[in-house]
Structures are given as C-alpha cells and as structure tokens.
Amino acid sequence: MTQRKYKSEDEVALEKLKDIILRNDRSELDELRAVLNDKDKLSEKVNPIIVEHFNFLKENFSSEYAAIINGLIDKKLKQSEQELLDLIYPSLGKMISKYVALQMETLKNSIENSVKSSFSFGRSFTSFFTGVKESELIIKDAVIATVEEVYVIQRDSGLLIGSASKNNSMDDEVVAGMLTAIKSFVEDAFNAQSQDLEMIEYGSYKILIRSYYSFYIAMAVSGALSVSEQGELQDKIDEFAAQKMKIFKGRFDSSRYEISNLLKENFMDK
Amino acid sequence: MTSKKVILTGSFGVGKTSLFNQFIHQKFSDKYLTTIGVKVNKKTVESHGEEVSLLIWDIAGEVTQDKVPNSYFLGASGILYVVDLSRPLTFVNIKEDIEYLKDLLPGAKIKVVGNKKDLLTDTELAQAVKSIEIPVGTTTSAKTGENVEDLFLALTNEMME
C-alpha cells in the first residue's frame, strides 16, 4: 500500500512561483527542443555556420592545421621509411651516377684543357710545367671510360656483321636490329636523310655511332668520356673501318667470326 | 649461320604483334597494345639442313604502306603482309600496297597472310579469302597458333632458294 504524498502549502506556493519565474525560459526550451528534433529546422540553423567555417578553413587551412599535418606526415614517413627508400632509391641512384659521370667529364675536360695549353712530359714534369696539380692528373687517368660493346652493322638491313662485348648481356643480333630501327626512326622523323645519328646517351652510357657507306659501327662506352677521348675513339673507329674492314671487300656474310675477333683485338683487349 | 631480315607489316590491329609473339614465344594475349615504331626480335629456324637466323621487324600498323618509313624495309629478304580476315577494311588497299612493296624491294619474297581465321566459319573464311584481290598465301590464327610456325618456315624456305 502506497502512501499518497500531499504537498504542503509551501511547496504549492513554490511551484507557482517557479511557473511565474521560469515561464519564458520553459517556452524557449520547448522551442529549442522542437528545432533540435526537426532535421529541416536544425539544418536551416546549422548549415550557414558550417558553410562559414568551411570557407574559413579553405582560406586558413595551412596556418591552422600545418603543424598537425606535418606531424602526421613525419610519423607516416618514419613508419614507411623502408618502403619509401625502395621507391626512391633506383631513380636517385641513376640520377647520382649520371651527375657524377657528368661532373667527372667536366673535370677531365678542364684538366685536359689545362694540360693541352702547355706541353706534356710525364705526370710530374707535366704537373711542374703546367701548374696542374699531380693529384688532378691522377684523377684524370683514374676515371677511365670503358668500351663495353662494339657492333659492326649492315647499314640498310640492320643485320649484324660482327660484334665484341665485355659482358654479353643481350642477343647481339637483336641489339643490332633495334639500334638500326632507332637510328632509322630518328633520321626519318627529323627528315635528316643526309645526316646520321651520331650518339645515343643513356644514363652514364654513351653509344657512339659512325656511319659508312654499307655499314655502321656502334660503340657503347661507360664512365666519364671527355670530349678529347670521344674524338680519339671516333678516330680509332674510323681507322678500323678504313684499315680493317676493307679486307672483306663488302663480303661480310661469311666473315662474322673474323670481324668479331678484329673488334675484340682492337677495342676490347686494351 | 645465315641471317635474314623479315618484315611484318599491314594495317593496324590485324595481329602482326600477336603472330610475332606466337612465333617467337608461343604466347598469345587478348590485350590489344598498339606497336610504337618497331620491335625487333629473332628466332633461329632450319631450312634445307641449314640454320637460319630470322631477324623479324614487327612494324607499327599503317593504313597504307607508303606511310611506313622506307628505311624500315631496306635490306629485307622477306615480307609478311598481314590482313585481318574478319575486317575487309584491312585489305582494301592490298593491291596498291603489294605493288609499292615490290617496287621498293624487288628481290624480296612477299607473302599475304590472312590472320584471325578462328573468328570465321569455314564458309565465311572461303568468302573472305575469295574477296581479297591478291592471292592469300596462308590463313593463320595467332590465337590458336594454327599455321603460324609453318608460315615462317615456308617464307624461310623461299628466301633460302
């Protein structure tokens, strides 16, 4: 059995007082509740504020959040360091090796020019008389360009006449065909029938090309190749074409072995 | 060993690269990748008891052969002019193209190849072959490999005669 609780006179009076004092507040609260519970009414009130904040963010995003984002990126970079290195390293390696080769070429050219401006008489004498440091002369001699591969190729067909290679990395007949295709493409594309493609550069590799009447010679060189060394190699290729190739009198079909041996003797064994 | 340069030519999308890949690698892919410029590969075959190295130039397709750089054809001993049997548009210029190639390379052996025979019924195949102005040497399917090896061997034999 529940006991009914009767309000005292004071309590009734207090309720009445509350009604009088809080009437306006209660009615405002009801209105607010109605707005909060009605999606459309709420959107009408809130959307302008969101848009305004969004516009503010668009203009001030970097200054407001730069520190947080930088922190996140730093954290992510640290977490994925190995992954990033794997991605960047191959390209970076090529860029560095090409840059070093280029700098070496420049250095060699500059040393050679200094030496040429005087006379040459042995490294110490040369250093003494030219004023070029002996250490620089040692660098010049140490960064030697290396002939990696040489091909003699029929000019029209692209068929291989002879080849010599340090590492036999790819089928020499296919290389001869593709080199001819590239050469033909460049010469056709630039409508340069009377001119020949003379050099292809790839990373720290250079392919020197010397064209003759019925064949051409392509030589792949690695390392720093100075202008004078390039000239010397071109002279050497010209000499080979004039002196060694003439004995075959244009009959190259059955002479691949002999021509390849000549290439090896003249360009690889030194 | 004797080496011979062979050219694969014809309109675009006729299956030159697919024939090339089927012959060299015994592989076929449904993906169509247009050839840029030219791709060179080789395969050694035997003809009349002698080993012959075939240097095959797979040339990017052109609607007419005079659009192909002349230098690509120079020194070629054999030409495979490929048409798509299911697309008559690929052989509308065949007569002019073959004449052009004969003028350019008088000594070369030229074969007309009707490819994609797997897409046609026997009746359709007969009709397509009949509608081509120049006699078709071989009909092939680079997809199934039908007649591909024989095509290159027959051309090699002709070049070695």
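Each chain gets a letter, A, B and so on, in the order the sequences are listed, and its residues count up from 1.
- Within residues 106-121 of chain B, no residue has any heavy atom closer than 4.5 Å to a heavy atom of chain A.
- At most 12 heavy atoms of other shown residues, nucleotides or ligands fall within 6.0 angstrom of atom NZ in A:Lys244.
- Atom CG of A:Asn70 sits in a crowded spot, with more than 12 heavy atoms from other residues, nucleotides or ligands closer than 6.0 Å.
- Heavy-atom proximity under 4.5 angstrom to chain A picks out B:Ser3, B:Lys4, B:Lys5 from residues 3-26 of chain B.
- For a heavy-atom cut-off of 4.5 Å, chain A lies close to B:Ser53, B:Leu55, B:Trp57 in residues 44-63 of chain B.
- Note that CG of A:Asp172 is 6.5 Å distant from NZ of B:Lys42, once rounded to the nearest 0.5 Å.
- In this structure, B:Tyr72 and A:Ser184 have side chains that are in contact, with non-hydrogen atoms separated by less than 4.5 Å.
- Here the closest heavy-atom approach between residue A:Ala181 and residue B:Val40 is recorded as CB-CG2, 4.4 Å.
- Every residue two or more places apart in sequence or in another chain was checked for a side-chain hydrogen bond (donor to acceptor under 3.5 Å, both in side chains) with A:Asn261, and none qualifies.
- Atom CZ of A:Phe248 is surrounded by more than 12 heavy atoms from other residues, nucleotides or ligands within 6.0 Å.
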